[in-house]
Amino acid sequence: DGLRQFKTGLMQRLFSQELRFTREDGSDYPDWEERKLGSVGEIYGGLSGKSAEDFGEGYSFITYRQVFENARIDPSKFALVKIGPKEKQSRVVFGDVLFTTSSETPNEVGFASVLLDEVDDLYLNSFCLGYRPFDLKALLPQFSKYLFRSPLYRREVIKLAQGSTRFNISRTGLLKIRLRFPHPQEQEKIAAALSAVDAKIDAVTDQITHMETF
């Protein structure tokens, strides 16, 4: 729990730019550049035209729960769906960011997860949207994993949530979100620092599990 609190605080400081990385020679990276998501990538929809009989066999697809629960898509938890040879369905590829579009509370709408594995013929559930950066060298997938779970992003997406009994966000709304993007080299350092904390959390969680079993 202490490590998770530390990670939350570290993300807050990194994405508010209170804490900055520097180049190897000690010089500063350029200022973060504010851009709309629509200028950095494009949106696509999930599966369409499917009935209950189409699920349970066929090709892999990413479930709503996979997107909601984790910042990184876990390939071991894919579900299956039939896709006909003439169907036009959007495929998910490495580096894509997936968003939940509907929730019972505004605080849980627009949760994001990133595909960090190479998977052939992969599709997305009907209740999520996919976002594909134009250039994975400008928006690094490992950085996306943290950017779209950061306080910076969460604050902006909650503003978009509309509804009374269920809250929703639209693809046009997502594309209008403005975020600040650091230089790719600084993105790499931020992702590496947060990944190290994640690895430590995983290791300690395993230790606790082993001790409980003992």
Side-chain angles (χ1 to χ4, degrees), residues 11 14-17 20-21 23 28-48 59-62 64 66-68 70-75 78 83 87-101 109-160 168-195:
M11 287 185 71
L14 286 170
F15 284 98
S16 67
Q17 299 178 62
R20 292 286 305 273
F21 287 96
R23 300 182 191 273
D28 293 333
Y29 286 110
D31 290 340
W32 290 28
E33 184 180 357
E34 184 176 288
R35 300 180 65 181
K36 287 183 179 179
L37 290 187
S39 69
V40 179
E42 58 186 355
I43 292 278
Y44 61 87
L47 292 166
S48 61
Y59 295 96
S60 297
F61 79 93
I62 297 169
Y64 181 97
Q66 282 178 285
V67 177
F68 182 79
N70 293 292
R72 176 177 181 167
I73 293 297
D74 182 352
F78 291 147
I83 303 290
E87 281 190 59
K88 292 184 178 179
Q89 304 280 2
S90 298
R91 287 182 172 88
V92 184
V93 300
F94 173 83
D96 285 2
V97 186
L98 302 320
F99 297 98
T100 62
T101 58
V109 77
F111 266 60
S113 186
V114 183
L115 180 66
L116 296 177
D117 297 273
E118 297 282 357
V119 182
D120 293 331
D121 296 323
L122 178 63
Y123 300 89
L124 180 63
N125 75 84
S126 305
F127 304 102
C128 289
L129 290 173
Y131 177 73
R132 184 165 299 159
F134 296 131
D135 184 357
L136 293 183
K137 292 181 180 178
L139 178 55
L140 306 182
Q142 284 285 357
F143 177 72
S144 291
K145 173 184 171 183
Y146 297 105
L147 173 65
F148 292 105
R149 290 267 173 159
S150 70
L152 178 75
Y153 162 74
R154 292 300 309 157
R155 185 169 57 247
E156 294 303 314
V157 80
I158 288 170
K159 292 178 186 176
L160 292 177
N168 303 282
I169 53 170
S170 66
R171 64 175 65 198
T172 54
L174 269 174
L175 291 174
K176 289 179 181 178
I177 288 179
R178 303 184 73 91
L179 295 177
R180 288 187 173 89
F181 296 88
H183 186 279
Q185 291 177 3
E186 191 172 4
Q187 289 181 32
E188 189 173 358
K189 290 190 174 184
I190 291 171
L194 292 172
S195 293

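Positions are given from 1 along the sequence. Keep in mind that this is a model prediction, so the values were computed, not measured.
- A distance-only check finds no donor-acceptor pair linking the side chain of S90 to the backbone of G46 [under 3.5 Å].
- Side-chain contact between P182 and I190 is present, with at least one heavy-atom pair separated by less than 4.5 Å.
- Although no hydrogens or angles enter the test, the distance criterion places a donor-acceptor pair under 3.5 Å between the side chain of Q89 and the main chain of S48.
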Inset, instruction - Start with the C-alpha gap between F15 and F143, add the side-chain angles, then the distance that decides, and say whether ring pair (Phe, Tyr, Trp, His ring centres under 6.0 Å) holds. - result: CA-CA 11 Å; F15 284 98; F143 177 72; 5.8 Å; yes
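- In this structure, CD on Q66 lies 9.5 Å from SG on C128, to the nearest 0.5 angstrom.
- Counting heavy atoms from C-beta outward, K159 and I177 have side chains that stay 4.5 Å or more apart.
- Looking at every heavy atom in both residues, L174 comes nearest to L160 through N-CD1, 4.0 Å.
- The two atoms that bring L47 and S126 nearest to each other are O-OG, 2.9 Å, heavy atoms only.
- The side-chain contact (heavy atoms from CB on, under 4.5 Å) test with L122 singles out one residue from F78, F94, Y59, and that residue is F78.
- Results of the side-chain contact (heavy atoms from CB on, under 4.5 Å) test with L129 over V67, T101, L175 single out T101 as the only residue that passes.
- Residues in residues 118-132 take part in these salt bridge (Lys or Arg N to Asp or Glu O under 4.0 Å) pairs, two or more places apart or across chains: R91-D121, D96-R132.
- A donor-acceptor contact shorter than 3.5 Å is absent between the side chain of S113 and the backbone of L98.
- Taken to the nearest 0.5 Å, the CG atom of D31 stands 7.5 Å off from the CD atom of Q17.
- Looking at I73 and V92, their side chains never come closer than 4.5 Å, going by heavy atoms from C-beta outward.
- Counting heavy-atom neighbours within 6.0 Å of R20 CZ, excluding the residue itself, gives a total above 12.
- Contact record, L140 with P184: CD1-O, 3.5 Å, taken as the closest heavy-atom pair.
- Scanning both residues, G110 and Y153, for their nearest heavy atoms gives O-OH, 2.5 Å.
- No side-chain heavy atom of L179 sits under 4.5 Å from any side-chain heavy atom of W32.
- Note: L194 CG to R149 CZ = 13.5 Å, rounded to the nearest 0.5 Å.
- Considering NE2 of H183 and CZ of R23, their distance stands at 5.5 Å, rounded to 0.5 Å.
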Inset, instruction - Kindly indicate, with the supporting measurements, whether the criterion side-chain contact (heavy atoms from CB on, under 4.5 Å) is fulfilled by V97 and L147. - result: CA-CA 11 Å; V97 186; L147 173 65; over 6 Å; no
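- Here the shortest heavy-atom pairing between A193 and F21 reads CB-CZ, 3.9 Å.
- Of all heavy-atom pairs spanning P133 and G95, the tightest one is CD-O, 3.7 Å.
- Ring-plane geometry between F99 and Y131 is classed as perpendicular, the angle between the planes exceeding 60 degrees on a 0 to 90 degree scale with a lower cut at 30.
- Annotation: side chain of I83 is not in contact with side chain of F61 (no heavy-atom distance under 4.5 Å).
- Distance check: T100 OG1 to F68 CZ gives 7.0 Å after rounding to the nearest 0.5 Å.
- Atom CD of E156 has more than 12 neighbouring heavy atoms from other residues, nucleotides or ligands inside a 6.0 Å radius.
- Residue Y44 places its OH atom among more than 12 non-hydrogen atoms of other residues, nucleotides or ligands, all under 6.0 Å distant.
- Taking the charged nitrogens against the carboxylate oxygens, R72 and D117 do have a contact shorter than 4.0 Å, which makes a salt bridge.
- Atom-to-atom distance recorded for R178:CZ and R35:CZ is 10.5 Å, nearest 0.5 angstrom.
- Using a 4.0 Å cut-off between a side-chain N of Lys or Arg and a carboxylate O of Asp or Glu, E186 and K189 do not qualify as a salt bridge.
- A distance-only check finds no donor-acceptor pair linking the side chain of S195 to the backbone of A192 [under 3.5 Å].
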